[in-house]
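Each chain gets a letter, A, B and so on, in the order its sequence line appears, and its residues count up from 1.
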2 protein chains.
Amino acid sequence: MSVRVLLADDEHLIRGALAALLSLEDDLLVVAEAASGPEALAMARAHAPDVAVLDLQMPGADGVKVATSLRTELPGCRVLIVTSHGRPGHLKRALAAGVRGFVPKTVSAQRLAEIIRTVHAGNRYVDPELAADAISAGDSPLTAREAEVLELAADGAPVAEIAERAALSQGTVRNYLSSAVSKLGVENRHAAVRLARERGWV
Amino acid sequence: MSVRVLLADDEHLIRGALAALLSLEDDLLVVAEAASGPEALAMARAHAPDVAVLDLQMPGADGVKVATSLRTELPGCRVLIVTSHGRPGHLKRALAAGVRGFVPKTVSAQRLAEIIRTVHAGNRYVDPELAADAISAGDSPLTAREAEVLELAADGAPVAEIAERAALSQGTVRNYLSSAVSKLGVENRHAAVRLARERGWV
DNA sequence: GCGCGAGCATGACAAATGTCAGGGCCACCG
DNA sequence: CGGTGGCCCTGACATTTGTCATGCTCGCGC
């Protein structure tokens, strides 16, 4: 009785190669492939796989969004996320979405096959290094409003625009920005945005 | 007589899978693998491959840097760059470094094998879509100083620091920044930095 | 009820940033 | 030679952003 796997990654090169390698394992069966978030969802609905291996970054909807949808639509389907750039915040978001495994693309195919089995058996697996990063990043020191304002400031918008979109006075917006900057111990709001992004706090 | 290939990519998953798939081709022989820029160089020196397939983003030194070194050290070795995120500037830099091929990871392994043969035969191959992007991005409208100042501004440094590092008055720095912003048709310097980065102008 | 601390909000002031008009230099063209 | 235009550079001025002191509200412990 083999494990039915769905593979989703926008990079054809990787997806194809991965499918080939996983097929070498006797107990794994790649039943569907997808190149985008929406496509992954459609494929999952059609084939009801045991395990969905999702790339974190895909056009349309990222791995975590797909995982969230799958959680309600196919509760029996375990989700395993693979990613190139492991930012702490992603891991946190992923676990919150009910993802069962989270691994970087630096693992070997052999190892990935083992992890697929682990996840299929109902266990969780998180790459130790990524976990350590997430723990050292800690929880966000930002308050709700600070995070909100920082997010609106993310694309370099002027304070006036942020104030309007958040229905706040400009002074208040500056205040939150300033507070976020000092909490994060950085030089200016742009560095704050970058850091918060990196840590997954926005 | 098969083509001797060096494979360099920091993602073990992809590198391994790729090696396996390329090995299925009778006329391709993967003689070495590397997970970082420096390692790729060392492997190239040791094995003198016919074609080096390099990931654009690797720890240590990126694909283009490696290509530059290879150009002088192993002039007979053709370089083919593969990349996930195809930014126009990268392509330009790569071609300037004497790279013979440039493809996104969205191609299939089959296609990649063909391209390796193409490059080995002495021809060039550039992904049509990436080429179109690069052409539509066009040449940088920025003058030398504008680009220099923009680069120094890239990490959110204050004007005073940029002025000092560029040995200019603060007024002048502001002026260049302003000029760059208006040339790029964006709202502020941060957006300008992002856009210039994206287009490969800095 | 009362004091206390945390988060939310504001405006005044100071500092940094963006904009403008203009001057010097050099290469190019008539 | 005498424009003409592009690039480099500057300081003065207007606008935007960052900092600070302050007030409000709400939940909590006493």
Taking CD from B:Glu187 and P from C:dT17, how many angstroms apart are they, rounded to a whole number? 18 Å

Using a 4.0 Å heavy-atom cut-off, does B:Ser178 contact any base of the nucleic acid, only the sugar-phosphate backbone, or nothing at all? base

Map B:Asn175 and A:Arg189 onto DNA chain D by nearest heavy atom, then report which one ends up closer to the 5' terminus. B:Asn175

Regarding B:Lys105 and A:Asp9, does a basic nitrogen lie under 4.0 Å from an acidic carboxylate oxygen? no

Separation of D:dG6 atom C1' from B:Leu142 atom CG, nearest Å, is 15 Å

To the nearest angstrom, how far is A:His190 atom NE2 from D:dT16 atom P? 14 Å

For B:Thr172, answer base if it contacts any base atom (sugar-phosphate contacts may also be present), sugar-phosphate if it contacts only those atoms, and nothing otherwise; contact means non-hydrogen atoms under 4.0 Å. base

Quick one: A:Ile162 CD1 to D:dT16 P, roughly how many Å, whole number? 13 Å

Residues A:Glu11 and B:Thr106: side-chain donor-acceptor under 3.5 angstrom: no

Rounding to a whole Å, what distance do you find between A:Arg174:CZ and C:dA15:P? 15 Å

5′-ward residue of the pair B:Ser169/B:Asn188 relative to DNA chain D: B:Ser169

Just to be sure I understand the rule, does A:Arg145 reach a base, reach only the sugar-phosphate, or reach nothing, if contact means heavy atoms closer than 4.0 Å? sugar-phosphate

Thinking salt bridges, do B:Arg111 and B:Asp127 make one under a 4.0 Å N-O criterion? no

Whole angstrom value for the distance that separates P of D:dG11 from CD of B:Gln170: 10 Å

Salt bridge B:Arg145-B:Glu148, side-chain N to carboxylate O under 4.0 Å: yes

